[in-house]
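So the structure is just underneath, and the comments pick up after that.
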Amino acid sequence: MERADVIILGGGLIGLTLAIALDRHDLSSIIVDPADPATIERPAYDGRATAVASASWRMLETLGIAGRLQGEGCPIRSIRVSEGLAAGGIVFEPAEGDNPLGIMVENRRLRAVLREAAEQCPRARLLMPARVADIVRDQAGVRVALDDGRILAAPLLVGAEGRSSPAREAANIAVARWRYDHAAIVVTVAHERPHHNAAYEIFYPTGPFAILPMLPGTRSAIVWSVPAAEAAAFVDLPDRAMAAEIEKRMGSFLGRLEMAGPRWTYPLGFHHAARMTAERLALAGDAAHGIHPIAGQGLNLGLRDAAATMKVSRARQRS
Ligand SMILES: Cc1cc2nc3c(=O)[nH]c(=O)nc-3n(C[C@H](O)[C@H](O)[C@H](O)COP(=O)(O)OP(=O)(O)OC[C@H]3O[C@@H](n4cnc5c(N)ncnc54)[C@H](O)[C@@H]3O)c2cc1C
């Protein structure tokens with residue numbers, strides 16, 4: 001039987017961050033995830049870039065993750081919110097001398113760097129790919145049987161398996177959820193003029209359209225929310241026609257546009273678990289809650305779950 005302080009189901013961005021945070025505080029963990037890292041770190045797996053808010057970035061700095069992404073994150077120095085392309089709107093800017101509002105990082109790179117860092121943690125063990133066959137949670141602790149016969153034991157189980165979280169379902173935790181009937185089209189565009197580290201949230205009656213600055217200064221990630229039924233038609237457009245549709249929504253302030261990578265669509269919905277804990281179980285990340293990506297907060301909320309779980313585990317160890 002393999003023992004640890006925490007068994008983490010899900011080696012996504014949140015599960016990996018939690019394992020690293022626990023390790024930094026002398027707590028051991030075992031991550032179990034059916035995904036093969038070689039598959040989920042391929043460019044074709046996840047085309048998203050994440051806006052990591054400055055507080056979350058400080059957390060990644062403390063964990064030694066930000067340093068591994070040196071030169072790869074694009075600072076967001078202003079966020080401009082408007083209704084369509086009309087002049088005016090709201091501009092958020094940090095005070096003189098303050099940190100940027102956030103850092104744009106490609107998910108694929110963040111995932112790879114977190115996995116590398118977790119693998120180097122003496123107290124974290126990554127079982128990927130590995131599948132859970134059975135879980136028992138009771139007063140005595142948690143026992144997880146894997147389908148290859150291995151048995152894991154710990155005082156605490158963390159469900160970080162994303163929005164469909166089998167651990168949450170097995171604990172009968174109710175979830176409030178709804179769909180937006182929208183899908184997010186995610187693409188990267190190259191543009192003629194520099195973005196000057198500005199992010200744009202442009203609101204249309206059909207859904208919000210976000211332009212997020214990437215490195216080098218003439219590349220941006222687009223997150224474009226469209227009615228779900230229309231997403232496939234946009235994604236299938238030839239490059240020139242797709243660039244023209246994007247230009248219609250963002251205007252020409254960045255000059256001529258070119259598509260700079262593949263296109264992805266993500267269904268959009270909201271969900272929130274009625275409880276974050278059950279006997280010897282805590283939920284973290286999308287297993288606990290998922291929100292519309294317009295404000296770029298889903299991962300940021302999950303990182304707070306990881307920080308809170310680490311603090312509680314540490315307090316329990318000391319008591
Ligand atoms: C278009 C889009 C843009 C976004 N942009 C931003 C942004 O700018 N900023 C931001 O903060 N957030 C953003 N988000 C949200 C963010 O991507 C998610 O909140 C975040 O990825 C959730 O991470 P997670 O580790 O909780 O879950 P996931 O990334 O879903 O990872 C779950 C892991 O669990 C594993 N797993 C699945 N089933 C099992 C099982 N049975 N047992 C064990 N493991 C299992 C999976 O293989 C996976 O590795 C965006 C979301 C979308 C859709």
Side-chain angles (χ1 to χ4, degrees), residues 7-19 30-37 39-41 45-57 59-60 74 76 79 101-108 110-111 114-115 118 126-135 144 146-147 152 157-170 180 182-187 199 201 207-208 210 212-214 221-226 231 263-271 273 283-306 309:
I7 297 171
I8 303 169
L9 302 180
L13 301 177
I14 297 305
L16 289 168
T17 306
L18 174 60
I30 304 173
I31 290 186
V32 183
D33 193 313
D36 184 342
T39 306
I40 61 177
E41 288 168 21
Y45 179 78
D46 187 347
R48 289 172 295 178
T50 291
V52 180
S54 58
S56 303
W57 191 253
M59 180 177 168
L60 296 182
C74 184
I76 302 174
I79 301 177
L101 297 168
I103 308 281
M104 286 301 300
V105 186
E106 289 180 21
N107 280 20
R108 187 174 63 85
L110 183 56
R111 186 173 284 117
L114 284 170
R115 184 179 56 83
L126 270 62
L127 305 181
M128 289 179 76
R131 282 179 189 280
V132 171
D134 189 38
I135 299 176
V144 173
L146 302 184
D147 69 356
L152 317 175
L157 180 71
V158 172
E161 325 98 306
R163 56 180 59 200
S164 58
S165 179
R168 181 192 67 214
E169 298 300 302
Y180 290 112
H182 271 66
I185 298 178
V186 174
V187 292
E201 304 281 3
L212 305 157
M214 304 285 289
I222 304 292
V223 182
W224 174 14
S225 180
V226 298
R263 302 162 197 177
W264 283 267
T265 52
Y266 295 88
L268 297 178
F270 168 92
H271 66 273
L283 301 177
D286 279 15
H289 40 67
I291 57 174
H292 194 290
I294 180 61
Q297 289 305 323
L299 180 81
N300 289 294
L301 288 172
L303 290 173
R304 289 175 185 217
D305 298 339
T309 309

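Just the heavy atoms: all of them, side chains too, but no hydrogens, waters or symmetry mates, feed the values below. Positions are given from 1 along the sequence. Start at 1 and go down the list; that is how both ligands and their atoms are numbered.
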Tell me whether V132 reaches ligand 1 (any heavy atom closer than 4.0 angstrom to a ligand atom). no
I'd like to know if P166 contacts ligand 1, where contact means a heavy-atom distance under 4.0 Å to any ligand atom. yes
Ligand 1 atoms in contact with [X] (distance to a heavy atom under 4.0 Å):
X: A35; result: 47 (O)
X: G10; result: 34 (O), 35 (C), 43 (C), 44 (N)
X: G298; result: 10 (C), 11 (O), 12 (N), 15 (C), 19 (O)
X: R48; result: 1 (C), 2 (C), 3 (C), 17 (O), 51 (C), 52 (C), 53 (C)

N or O pair under 3.5 Å between [X] and ligand 1:
X: N107; result: no
X: P293; result: no
X: A51; result: yes
X: N300; result: yes

Would a 4.0 Å cut-off, counted as strictly less than, catch a protein heavy atom around atom 14 (N) of ligand 1? no
Look at [atom] and say which protein heavy atom is nearest, naming residue and atom and giving the distance to 0.1 Å.
atom: atom 30 (O) of ligand 1; result: G162 CA, 3.6 Å
atom: atom 31 (O) of ligand 1; result: G12 CA, 3.6 Å
atom: atom 43 (C) of ligand 1; result: V32 O, 3.3 Å
atom: atom 12 (N) of ligand 1; result: L299 N, 2.9 Å
atom: atom 19 (O) of ligand 1; result: D286 OD1, 2.7 Å
atom: atom 25 (O) of ligand 1; result: I14 N, 3.1 Å

Could you go through the side chain to side chain contact (heavy atoms under 4.5 Å, CB included) check for L110 and L13 one step at a time? CA-CA 8 Å; L110 183 56; L13 301 177; 4.1 Å; yes
Minimal non-hydrogen separation, [X] against [Y], with atom names:
X: L283; Y: A273; value: CD1-CB, 3.9 Å
X: A284; Y: I14; value: CB-CG2, 3.9 Å
X: A210; Y: E201; value: CB-OE1, 3.3 Å
X: P213; Y: I76; value: CG-CG1, 4.1 Å

Taken to the nearest 0.5 Å, the spacing of L152 CG from I8 CD1 works out to 12.0 Å
Using atom types as modelled and distance alone, determine if a side-chain donor or acceptor of [X] lies under 3.5 Å from a backbone N or O of [Y].
X: D36; Y: P129; result: no
X: R168; Y: A287; result: yes
X: H271; Y: D286; result: yes

Check whether any side-chain heavy atom of L146 lies under 4.5 Å from a side-chain heavy atom of V132, and answer yes or no. yes
Among [options], closest by any non-hydrogen atom to [atom]:
atom: atom 37 (C) of ligand 1; options: E161, E169, R163; value: E161
atom: atom 47 (O) of ligand 1; options: I135, L13, D33; value: D33
atom: atom 7 (C) of ligand 1; options: A49, A199, G285, G296; value: G296

Steps toward side chain to side chain contact (heavy atoms under 4.5 Å, CB included) verdict (L127, I31): CA-CA 6 Å; L127 305 181; I31 290 186; over 6 Å; no
Under the criterion side chain to side chain contact (heavy atoms under 4.5 Å, CB included), I'd like the reasoning laid out for I135 against I7: C-alpha separation, chi angles, the key distance, then a yes or no. CA-CA 11 Å; I135 299 176; I7 297 171; over 6 Å; no
Is ligand 1 under 4.0 Å from a heavy atom in the side chain of V52, in the backbone, in both, or in neither? neither
Which segment of A160 sits under 4.0 Å of ligand 1 when only heavy atoms are counted: backbone
Test side chain to side chain contact (heavy atoms under 4.5 Å, CB included) applied to I185 and I222, step by step: CA-CA 8 Å; I185 298 178; I222 304 292; over 6 Å; no
